[in-house]
Structures are given as C-alpha cells and as structure tokens.
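To start, the structure itself, in structure tokens.
Computed from a prediction, not measured in an experiment: that's the story for all the values here. These values consider heavy atoms only, across backbone and side chains, with no hydrogens, waters or symmetry-generated copies. Just so we're on the same page: letters track the sequence lines, and every chain starts at 1.
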Amino acid sequence: MLKDRKLIVVVVEAALEQRLSKDILTRGAKGFTITHANGLGPRNQRAGDLEGGNIRLETVVPEEISLKILELLKTSYFPHYACSAWVSDVQILREDRY
Amino acid sequence: MLKDRKLIVVVVEAALEQRLSKDILTRGAKGFTITHANGLGPRNQRAGDLEGGNIRLETVVPEEISLKILELLKTSYFPHYACSAWVSDVQILREDRY
Amino acid sequence: MLKDRKLIVVVVEAALEQRLSKDILTRGAKGFTITHANGLGPRNQRAGDLEGGNIRLETVVPEEISLKILELLKTSYFPHYACSAWVSDVQILREDRY
Amino acid sequence: MDILSVAVQNLTSAPVLAFALGLLAAAIKTDLRLPEPIYQAISIYLLLGIGIKGGVALSNAEFQEVGLPILGTLLLGLTVPVLAFFLLKLLKKLSVVDRGALAAHYGSTSLVTFTAAVIFYESVSISVEGYLTTLLAILEIPGIIVGLMLASRGLRREVSWGESFREILTGRSIFLLAGGLVIGFLTKSTGFAGIEFFFVALFPGVLTLFLLELGIVAGRRLKDLKKAGIGLVVFGIVFPLLSGTLGVMTGHLTGLGIGGAATLGVLSASASYIAAPAAVRLALPEASPGIYLTASLGITFPFNLTLGIPIMLEISKFLESAGL
Amino acid sequence: MDILSVAVQNLTSAPVLAFALGLLAAAIKTDLRLPEPIYQAISIYLLLGIGIKGGVALSNAEFQEVGLPILGTLLLGLTVPVLAFFLLKLLKKLSVVDRGALAAHYGSTSLVTFTAAVIFYESVSISVEGYLTTLLAILEIPGIIVGLMLASRGLRREVSWGESFREILTGRSIFLLAGGLVIGFLTKSTGFAGIEFFFVALFPGVLTLFLLELGIVAGRRLKDLKKAGIGLVVFGIVFPLLSGTLGVMTGHLTGLGIGGAATLGVLSASASYIAAPAAVRLALPEASPGIYLTASLGITFPFNLTLGIPIMLEISKFLESAGL
Amino acid sequence: MDILSVAVQNLTSAPVLAFALGLLAAAIKTDLRLPEPIYQAISIYLLLGIGIKGGVALSNAEFQEVGLPILGTLLLGLTVPVLAFFLLKLLKKLSVVDRGALAAHYGSTSLVTFTAAVIFYESVSISVEGYLTTLLAILEIPGIIVGLMLASRGLRREVSWGESFREILTGRSIFLLAGGLVIGFLTKSTGFAGIEFFFVALFPGVLTLFLLELGIVAGRRLKDLKKAGIGLVVFGIVFPLLSGTLGVMTGHLTGLGIGGAATLGVLSASASYIAAPAAVRLALPEASPGIYLTASLGITFPFNLTLGIPIMLEISKFLESAGL
Ligand SMILES: Nc1ncnc2c1ncn2[C@@H]1O[C@H](COP(=O)(O)O)[C@@H](O)[C@H]1O
Ligand SMILES: Nc1ncnc2c1ncn2[C@@H]1O[C@H](COP(=O)(O)O)[C@@H](O)[C@H]1O
Ligand SMILES: Nc1ncnc2c1ncn2[C@@H]1O[C@H](COP(=O)(O)O)[C@@H](O)[C@H]1O
Ligand code: NA
Ligand code: NA
Ligand code: NA
C-alpha cells in the first residue's frame, strides 16, 4: 500500500523563502513544509545576518519532479546563494497527494 | 552495529500537537521530536490561522509500530485534518531505545 | 550525477548546541543545519527546563565521517545527556561540498 | 457628540486604523506578520491584564451589584447560540455541523472587540463598569458548549464530550482570564498600583500592534468570502445587530449603566475567533473552517470593530432615554 | 506593620500570585507556556535593567560605602557553598557529585528572588541601597566555581577547568549584569532618565509575566519531589534560613541598612536556577538535574518568594534592634 | 554646550553604550543574541511608531512648510547614490556590481541612526521638526533603485525589474513607515494620546535593547574588515561626512531648523542595513554581502552613531551661524 517518492530537503538563506516556495510549486511539487533553521556551511557568506538565518524546506515529490527541482537549484540557487540540498527515498500512503 | 528502524515524519496543524503526541505514544513509539513548521499542501483548508501553523513530528520506531502509526493517521487524521506523512529507512545505534 | 552520502540527525538538549557543533566540525563535517525542537524520549531527564528544549542538528557527510560522528556520540553524549540520533542514506549534487 | 462624529472617531482611532493597515498588507501580499511567539505573548498579556483589571474592579464592587448582570450574561450565553443555530437554517447550503460550529462562535465572544470597545468608550468619556470583564469571562465558554452540542445532532459518530470539555476548560483563554480575575481580586488596588503601568498604560499601544496582525489574518480570510456566499455575509452583519441588541437590553434590565450595557451588547454581538475555533477544530473536524473563521474573523469582527461599537453605544443611549 | 501583615502583603502581591497561577497551570496540565523567545527576551530585559539601575546607583555611591559590603559578599560566596556541601553529607543517598552540584546552586543566587524582594521591600517603604545589584553580580559566580570544584573530588575523570570557566564567565547572566552595571555607571542619572520608563516603570509588570512562566516550570518539577525524598525538601527550606541569616548578618556587619541587609540575606538564601544549572549541566553531566533543579526551583525558590522575603526582613529588623 | 561635551554625552548615552556592549559580546564570543522574533517585533514597533509619530506631526504642519524639504530630500536620494557609485571607482578592487550595491546602501538610510539622532538632539534641547519622519520614508527607497540600476550595467544577464520593484515596494520597512504615517495623519494628536505611552515613553528603552543586538551583529562583521581592505574603511567614514554635509545643506536651504537640518544630514549620511541588503540580496546576488554589509553595518553605522550625530549638529550650527 505504500508508494515510493523522493524527499528533497533544501536549506537556503531566509530571504529566499517566497521565491523558493514559488519556484518549487511551478516545478510541479504539490506541497512543502518549511522550518526555520540556522547552520554553517563551506561557503558561509551571507546577506541579512540581520534577517534571520536559513529556512529548511522539504518536499515530497515523484522522482521526475525531484529532478526538475534539482535542476532549478543547480541553475538558480547554487551559484549565488548559501544553499544546501539533499534527496532521499521515502514512502507515502496517499498517492494522489504527492 | 547499526540497527534498522523506520522514521515517520508527520506534518499536521499545530492544534493537534497534544493529541498526536499522545496517540503516537499509545501506538508504541518510545519518543518523538517536534519542530514548528509552516507549509502548503493540496488541501490547504485550515483552522486557527491564528494559532500558529503546523507541527512537524518525527519518530523513530520499529517497522511494526510504524504500520500502526500509519493506520492511526489513516483513520483519525487524514480524513479531517491538514496532515502529511512519509516514512523512510534509518539506522540507529542503541537498539533498546527505539 | 547524484552522489551518495549519509545524513546524521542528532537531537540533543539545547545547552549543548555550541559543543556539539564544534565536535561535529572537528570530526570532519563541512556543514550542518540546526533547528529548535522539543521532544520526549525514554530517558527524559533534563537540565535547563528553563533554557529551552532541544536542538535538532543534521549533517550530510561521507560514510567514514558518519562513523566518526557516531563514535563521538557514543562516547561523549549518549552516556550523560538527553540525546537521540539516527542515520540515513541521502544523495547530493555537489560532491566537494559534503 | 452626535452618532456620526462618534463613528468617525472610532474609525480614526489608532487600533482600528492599524487593523485597516493589516487588511491592506494582506491585500497587496506583503510578507508582514507579527512573529508567532509575539502574537502568543500579546494574547497572554491581554488576557491576563484584562482579567487582573476586572478582578480589581470586582474587589471594589458590591455583590448585589454584580449578581444580576452575571445571571443575565449566563442567559445570553445560552440563548444566543441557539438563536444563531436556528436562524442559520435560512442558509440552505449549511450542514447541521457547520451551523453548530457557527453557533459556537457567535455564542462565545471576542476579547479584542471587547477591549477596543472599552478603550473607545472611555476615550469619549463613557464609563464602563470594571466588572464587565467578569461578564466577558462568563460569556466565553457556555456558547461554545451549546454550539458543539447542537452540532453533534448532525454527526454520525460518537462525540467524546469528556475530552472536549477538558480541552475547552483548560484552554489558555479561559484559564488566563479567570486566573487574572482571581489575582486582581486578591491583590486589590494596592497590589495593582505597581503593575498598573504595564497592564494599563501600555494597553492601547499593544492592542494596536495586535490589531495590525489581526487585520492581516482577517485580510487573508477575505478571499474566502466569495466561496462563503452572500448569505453568510448578511448573517455576519445582521446577526450581531440582533444579538448585540439583546445584550444591551440585558445590560439595562440588570442594572448596568449606559457604557456597561453597550459593552455587554458588544460582547454579545462579537464572535469568538480564538477560543471557539480551537475547540471546534478539535471536537468538530467535520465543520469547515472556511465557513466559521471567515464569518467570525472576516466579517463580524471588522464590522463590530468599526460600526458595531458605536452602534451599540447608540442603542444603549436610546434605551436609556426610552426609560428602560 | 507587623510580620503577619507583611507576609500577607507579599503573598497577595501580583508577582507571587502569578507564580501561584503558574503552579496551578502545571497542576491541571494546561498547555500554557510563555514562548521561548519571550522568555529569553525577558531574561535579557531583567538582567540588563537590573544591571543598569545598579550601575546608576553605584555612580552615586562613595567607594568607602561599597568596599566593605563587596568584601563581605565575596566571603559569603565562598562560604555558603562549602557549608552546603558539608551539611549535605547528612543526606546519605547523595553522591559527592550531586552534593557539589547542589553546593554550586546554593552558592550562587537567583535574580528573580532578588528582584521580587527589592520590589516588595520598597512597596512597604523599606529602602534598599541601589548598589545591592553589584553584590548580586558578585555573588553569582564564585559559588558555582566552588561547587564545581567540590564536586570534582567525586569524579573519576579529568575536568577541563579552562573550558568550564570560559563557559561560566561568558554566560549571558553575568555578561548582561556586569555590562549593565558599566552602562549605568557611565550613563549616570542623566542618561538613565530617558530609559527609566522602560526599565523601571514596566519592571513589576514584566516580572509578573515572568513569574507566571516560572510557576509553570516549577510546577512541573513538583512531581519529582517524591523521588527527591523528604531530606532534600527539608534541606531546601532549612538551608536558606541558615545561609540567609548569614547574609543578613554580613549585611549589618558591613554597614548596610535594614533593607540592604535583608536583601543580602535573600541573595544568600536564594539558589540559582539559571546560571548554575547551565554551568553544572555542561561541566558535571554526572550530576542529576532531577535533584538540583528540583531543590533550587521546586523547593527553595517558592519558599523564598513567599516566606523567605518577609522572614529576612524580620531577621534584619531584629538584628538592627539588637544593636548589631 | 561645546562640541566635546556633546560628543561625550552622546557616547555615554544608554543606546550607544548598549551598542558597545554588543560589540564586546561579539568580540568575546558570548552566545548572547536577541531572539529572532523579538528582533522582528522590535523592528515593526520602531517602524510603525516612527511612522505614526511622523504622521501626527504632519497633520499639524502646513503644506508649504513641508513641500520644499520633501523636494530637497528626493534630490538627495537621487544624487547620493550616484556620487557614491562614482567615488567608489577609486577603489580599484571593486566590481561594478559591488559599487552599485554599495551605492544602493548609502543612497538609502538607516532608521536606527535616525532615531538615535532625534532622541539625542532632543536630550540636548535641540528640537527636530516632527515631519522629518516623512523625509526618512522618502529617502528609503530611491537610493536603492538608483543603486540597483547603476549595478546592472555590470551584469551580463537581464534583470527582472518588475519583480525587484515589487519586492522593494512591498518590503516591510517602507510599508510600515508609510502606513504609520497615514495612521498618524488620520488619528491626529487626539487619537495618538492613548498610544503615546507605548510608542513614545518606551521608545528609548526599546532602542537600547535593539542596539545591543545590532552591536552583536556589527561586531561579527568586524572580522571581515581585514578582507574588506583599508579603502573600504576610509570610504565608510569619509563618504558619510560628505553626504551628510550635503544633507545638512539641503536642510538649511529648504527651510529646516538647526535640529531638522542636522537630522537630514544624519539621514543622508547613514547607510541602510535592513531594506537595502534585503533588496540587493534578491536582485543582485552577484554582489558580495561581505563588502556591502561590512561597510554599512560594520563601519558607517558605528561611526554615525558615535561621531556622526554630534558632527552633523556642529555642521548645522556652523551653517546657521554662517547665515545659510
Ligand atoms: N554538510 C551539510 N549538512 C547539513 N547542512 C549543511 C551542510 N552544509 C551546508 N549546510 C546548510 O546549508 C547552509 C548554506 O551553506 P553555505 O552555502 O555553505 O553557506 C548552511 O548554513 C547550512 O545550514
Ligand atoms: N508534498 C509535500 N511535501 C512536504 N510537505 C507537505 C506536502 N504536502 C503537504 N505538506 C505539508 O502538510 C501540510 C498539510 O497539507 P494539507 O493537508 O494539504 O493542507 C502542509 O501545510 C505542508 O506543511
Ligand atoms: N524514538 C524517537 N524518535 C524521535 N526522537 C526521539 C526519539 N526518542 C527520543 N527522541 C528525541 O531525543 C530527545 C532525548 O531523548 P531522551 O534522551 O530519551 O530524553 C527527546 O527529547 C526527543 O526529542
Ligand atoms: Na457573542
Ligand atoms: Na545563595
Ligand atoms: Na544615506
């Protein structure tokens, strides 16, 4: 009864919350969950030290959508922004929601 | 030395924090971790816009418990509430704690 | 194009944020992400009820680093502190960052 | 002061303008929000502060003075939701469960509307009996319970009343209001002097910030108005006038002054959007938040805040002059 | 005013009643909590505000006036934890490490107890020397260090003192208190005028909110009382009387007035539940928080807040009349 | 009062000392931070409060009084970033994009510097026209846009101006300032009376807390100074003197008093570190935050806060006495 999906986690500076959310949805994700986060990474160059840390966005999507999102990150986020992302396998119950 | 377990992540409207925590424990989970979250999903109908967003609960459990929790979600949460959930494989060190 | 890595999630009482971050980096992790969390576990004995809950630290690392971090947790954190940890498989794009 | 200039003065008060600014913020989709913990802290501040002030007032009041108004308020709390439930039958589209949920909201009351009314009345030199807060606390709960019970007739499942009652009664709204009342009653004017600054002088300013946030939240609800339908909009404006008038009358009949009766009218007219939604969401998940939140927060709250408050005052003045 | 009416007035002050309300909230398991960021912000506000006020007072004081009390306080800070450590031998169940941890807590001091005492004394017209804050800052640290050192005799491992000291000294409590002292000392009464409103007039109200939260946290500790055992409860009540009396005596001997000596008694009697637990948790993970937090926050804090404060005042009056 | 004692009084004011304490906190690596939601809430409070106060002042002002200063300010907003952009050519290492980003920051303005200036001037009995807030709001935006446009000459990609403008104009800074102005203008002195306490009396204290946090953030920037290079440090100190003098002159030429002209000087001298970085980060990700944040927050902000404020006052006094 469980179906396979991909979980993408993206950590990015908080100023990009709106933009990333929109971009993710236009790539075909049907939903996402965001928590506020802090962190450290190899780049660690950052605007808005004042404007609060990172966001951690996670979205459960079919594999083909996950590839589109990764492509998006590669072209529009990784080059300029403090951004981390990873993908893993998850399983879900309600197929039509993800 | 690492043992296999299941990780269930449940995202649900914050009003249900107490109820979900209790339900998870009665299904046999020995612990859980909760963070506050926001999100968007296909349903997106929500009480307490005022009373703060979602919670993201995660619990590491043996496979049989994970099935019970999914069953619980299916009968008592999915039909009525804004709720998302996914399962994945994780490994842990201290077998008797999870 | 995707490379395999390990994701370690550590949940620990918030007082240890600084110490854990430093320890993780000295074990070879190149970055980490922290969110604030609450939770319940089998031990549930805790200092600083006052000083706010747990932190949830996650770090994407190569397998050999993940083993070092687990070793660290086993010797310096599990015996004394409220601490949970699990490991899973993830995939990343930019090999040299993790 | 004539009715028009009172209305204008209310509409140009800082809290109401802040609410309007919040609506605008939602309309043009800024990302402005009061952070969640601040929102929570302000709620606690308002509830505890209002409770304490009410308790101090109560400690200065005679029992016979307070007895009748309390009784009248209890009656209001039981009548208004029943009235709402049956009047809502006129809206054919609504299920029994949704009607019960709405009844729970309109049977309960809104702290912020109450506060805005008291601040406004006192700014136009109309005094309000201090123990009105006690009536606020009394009006908070019964309507929710009546509404839930009415709704349960439309349910095909068993309702666990025990758990629901526990959740309602240990909810933070009622706990802080009641707790504040006791603190105020025990600490009296002497003990209150030291904290008056924090809980009185800051109050209107804090309320202004809070209304900015409520404006944003209400503004987001407005997009659901179309879905909700014209019937609900009419209900959200007309019903408060009805229940408000009932409240003002109850006030006059039980011996409150002009300001007190008007405030009881506002209490009765206002719909809950904090305690009731939380209770309804847990006990009645079948009811649609898109309906009850839109009505209470998107329609009735702005209406009361802007027009209801001066209207209740006029009704109260009229009844007084009519010798009631 | 006789002792009884002083005690009653303290028990019915708004902060103490708010603390009681918090205990109740924990007992009936409401989900009421002050959000974490608010709690943190209030801590910063209290520490910085107290520091600044103390600094302003210090800028108005003569050195010879302050020198002796500072010396006496340092001595207290070294004596009290040693006393606690050895008296705790009477509780057979406690390990050396747990005794050291308790010594660290009782050797240090509680900002909120101090504040409540000063506010209360001034409300009954007993003046308190402004530089008592300096003594608070001085009493904060040494007790913790002494306690950790005593505890380390029970450890089978090496302790990294360097890291521990760094963590203690750069902790936010001491940093804000000391920083506030310097700000106040430099800005003087002139510079203070502009911010007095925020840091003085609001103070009791903010403290009331804070004590509500502390009541909730202390209430959750109460369930551990049974595990802790009767011995610990007795210690948590009797020891503060002892160390408090020592403090009052030190105050009188070093030239403080009635109010100042009573306050130094309260400082000495109070146990830390912010700085000490943080330091102990990091440096002494082997010690059980169930013991030291329960004692300091669950027993001694409520005792001092309700009874300790008026008792220290009586002891101080008594010593004064005894011509000490 | 001579210039030196004015400077000393500014340096020993509570807000400036709190800023210094924050720098120290960063230097010794304490973990002290104002929690994020508190920081956000204080921003909202400051912006809305300043806006409202400005609006009330505007409602009391004559149009002809305000017209010229507004025009002059607009001119400043367009001139200063262009000036910055071209002077920065002297720093050979900087790319066109980085120069544009810096121009955007120095063309815009800093709310906190403005506030500290007004509070300080009034504490030394120099009155400041209330509608200066209007000028603050006007100076916020144009500089950012000019800076972005200048920077875009160095980009090899298309810039989506539409999206960028939307993000800038719906940003919370400008929305709250402008919204506050309207609220204040409509509610007038009468409506303001009730909230004056919250928005006026508390203001300097809240600002003190805020500056503690800004000190910490600025302190963390200091470690980037070395990377930034001596040229940037010089620019961060000399350019504000230049643009500030331009501002004071504009003030005198358009009819402002001594205090008003000095404040316009401070506005012009100050560099944005909230609105501009947010806009630049989104629209110009190629620009290095290590350069623009370090310059505006790490160099220019502390300079203005400590020395710039009294210097602008002296320049204003000098120009006045020179009969300008
Ligand atoms: N190896 C990692 N594991 C988890 N999170 C990371 C890792 N590296 C970077 N991050 C997160 O990604 C953010 C951006 O990294 P950076 O682009 O290097 O500044 C950091 O602030 C962290 O929150
Ligand atoms: N595909 C998804 N990936 C991650 N989180 C999701 C997803 N869909 C929904 N959610 C989360 O689940 C919550 C409830 O979704 P919904 O029931 O559609 O309102 C949302 O607010 C999101 O936080
Ligand atoms: N099975 C679990 N799944 C997820 N988180 C857990 C689990 N057990 C414990 N935790 C987290 O680890 C923290 C420490 O647990 P403990 O050491 O038992 O107090 C708890 O507060 C939870 O946040
Ligand atoms: Na009602
Ligand atoms: Na002590
Ligand atoms: Na400028």
Side-chain angles (χ1 to χ4, degrees), chain D residues 34-53 55-56 59 163 165-203 205-206 274-275 278-279 282, chain E residues 1 5-6 8-42 45 49 115-116 118-125 196-213 215-216:
Chain D
L34 217 53
E36 171 73 13
I38 304 296
Y39 176 84
Q40 302 254 351
I42 295 187
S43 305
I44 294 175
Y45 167 84
L46 295 175
L47 288 161
L48 194 67
I50 287 177
I52 294 180
K53 269 179 279 183
V56 173
S59 80
E163 199 196 355
F165 283 179
R166 229 199 128 279
E167 275 165 349
I168 293 171
L169 290 171
T170 62
R172 61 175 61 195
S173 299
I174 201 63
F175 181 82
L176 284 167
L177 265 180
L181 277 171
V182 174
I183 290 182
F185 191 81
L186 294 176
T187 204
K188 303 209 178 62
S189 308
T190 358
F192 189 52
I195 56 172
E196 195 158 0
F197 225 77
F198 182 69
F199 283 115
V200 174
L202 292 191
F203 209 86
V206 176
I274 299 186
L282 289 171
Chain E
M1 211 159 35
S5 69
V6 167
V8 167
Q9 185 162 344
N10 187 44
L11 287 172
T12 60
S13 73
V16 173
L17 289 171
F19 182 75
L21 188 64
L23 290 179
L24 181 67
I28 66 170
K29 298 206 165 76
T30 66
D31 63 346
L32 183 66
R33 288 299 297 263
L34 216 55
E36 170 74 12
I38 304 296
Y39 176 85
Q40 301 253 350
I42 295 187
Y45 167 85
T115 312
V118 172
I119 289 181
F120 176 69
Y121 291 161
E122 299 193 330
S123 83
V124 296
S125 307
E196 195 158 0
F197 226 76
F198 182 69
F199 283 114
V200 174
L202 292 191
F203 208 87
V206 175
L207 188 72
T208 301
L209 268 196
F210 200 67
L211 275 168
L212 177 66
E213 168 71 11
I216 299 170

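Under a 3.5 Å cut-off, the side chain of D/T187 and the backbone N or O of E/T12 do form a donor-acceptor pair.
The residue among D/I52, D/L48, D/I44, D/I183 with the most heavy atom pairs within less than 4.5 Å of chain E is D/I183. Chosen from E/D31, E/V206, E/I119, the residue pairing most often with chain D at heavy-atom distances under 4.5 Å is E/V206. For the options D/G184, D/P37, D/G194, heavy-atom pairs under 4.5 Å to chain E are most numerous at D/P37. Most heavy-atom pairs under 4.5 Å with chain D, from the set E/P204, E/P15, E/A41: that is E/P204.
Of all heavy-atom pairs between D/I195 and E/A14, the closest is CD1-CB, 3.5 Å. E/R33 approaches D/R172 most closely through the heavy-atom pair N-NH2, 4.2 Å.
For chain D, the nearby parts of E/I28 are the backbone and the side chain; heavy atoms of each come within less than 4.5 Å. When heavy atoms are compared at a cutoff of 4.5 Å, E/S123 does not approach chain D at all.
Separation of atoms CZ (D/F198) and OG1 (E/T208) is listed at 8.0 Å; rounding is to 0.5 Å. Here OH of D/Y45 is found 13.5 Å from CD1 of E/I38. Values are rounded to the nearest 0.5 Å.
Listed by chain and residue number, E/F197, F/F197 satisfy the ring-ring contact (aromatic ring centres under 6.0 Å, His included) test with D/F197 (two or more places apart in sequence, or in another chain).
Among residues 16-25 of chain E, the residues having any heavy atom closer than 4.5 Å to a heavy atom of chain D are, in sequence order, E/L17, E/A18, E/L21, E/L24, E/A25.
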**Q.** Step-by-step side chain to side chain contact (heavy atoms under 4.5 Å, CB included) determination, D/L186 to E/L11
**A.** CA-CA 9 Å; D/L186 294 176; E/L11 287 172; over 6 Å; no
